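Comments concern the structure below.
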Amino acid sequence: MSDPALNEMIWQIVASIPPGKVATYGQVAALAGCPNHARYVGSTLKKLPKDTTLPWHRVVNAKGESSFPKDSDGYKRQLARLNDEGVSFRNGKLSLSQYGWV
DNA sequence: TGTATGACCCCAA
DNA sequence: GTTGGGGCCATAC
């Protein structure tokens with residue numbers, strides 16, 4: 001589809017995530033209007049520019065952990081960011097029940 | 001046009 | 001808690 005509207009929608013949703021909270025790809029996709037587009041969100045975020053202001057670090061998978069290898073720079077940056085926002089990681093994972101975006 | 005891949009999600013054993 | 005399989009959509013070659 002490559003719907004730019006959907007793309008902007010995703011950005012809006014991700015940008016709407018309050019600090020100290022995290023949302024899952026499925027959550028963002030569902031809020032975007034496509035509960036099955038979880039994969040699309042990840043793929044889209046991955047293609048985002050490096051100078052993007054989008055807080056993609058607040059988006060995690062359904063397991064409550066980062067979806068990309070910790071060897072990646074983004075992974076460390078995400079953990080650092082979330083940790084700075086008050087999110088406590090547990091063995092590389094976090095409590096969606098506690099930090100999950102409502 | 002078709003195949004392969006991916007920062008995913010859900011369910012069952 | 002871990003592992004395996006199936007399904008979803010979009011992108012890249």
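Not measured: the values here are computed from a predicted model. Both backbone and side-chain heavy atoms feed into the values below; hydrogens, waters and symmetry mates do not. In what follows, chains are A, B, ... by sequence order, proteins preceding strands, each numbered from 1.
Between A:Leu31 atom CG and B:dC8 atom P the separation is 18 Å, expressed in whole Å. Atom C1' of nucleotide B:dG6 and atom CG of A:Asn61 are separated by 13 Å, given to the nearest angstrom. One interatomic measurement links the two molecules: NZ of A:Lys47 to C1' of B:dT5, which rounds to 10 Å at whole-angstrom precision. A:Leu6 places its CG atom 10 Å from the C1' atom of C:dC9, with the value rounded to the nearest Å. At whole-Å resolution of the value, CE in A:Met9 and P in C:dC9 are 18 Å apart. The distance from atom CZ of A:Arg39 to atom P of B:dA4 is 15 Å, rounded to the nearest whole Å. Here the P atom of nucleotide C:dC9 and the CD1 atom of A:Ile10 are 14 Å apart, to the nearest Å.
In this structure, the separation between CD1 on A:Ile10 and NE2 on A:His37 is 8.5 Å, given to the nearest 0.5 Å. If you take CG on A:Leu45 and OG1 on A:Thr52, they are separated by 8.5 Å, rounding to the nearest 0.5 Å. Distance OG/A:Ser16 to NZ/A:Lys21: 14.5 Å, rounded to 0.5 Å. Taking CH2 of A:Trp56 as the start and CZ of A:Arg77 as the end, the distance is 4.5 Å to the nearest 0.5 Å. For the atom pair CG (A:Leu79) and CG (A:Leu94), the distance works out to 8.5 Å, reported to the nearest 0.5 Å.
Of all non-hydrogen atoms in A:Gln78 and A:Ser66, the two that sit nearest each other are OE1-OG, 2.6 Å.
Checking C:dA10, C:dT2, B:dC9 against every side-chain atom of A:Lys93, the shortest atom distance belongs to C:dT2. Taking the side chain of A:Asn36 as heavy atoms from C-beta on, and the options C:dA10, C:dC8, B:dC8, the nearest nucleotide is C:dC8.
If you check every strand for non-hydrogen atoms under 4.0 Å, A:Tyr25 touches a base.
A:Tyr75 places none of its side-chain heavy atoms less than 4.5 Å from the side chain of A:Pro69.
The stretch residues 62-83 of chain A touches DNA chain B through A:Ala62, A:Ser67, A:Phe68, each having a heavy atom under 4.0 angstrom from the strand.
Judged by closest nucleotide on DNA chain B, A:Tyr40 is the one of A:Tyr40 and A:Gly26 placed further toward the 5' end.
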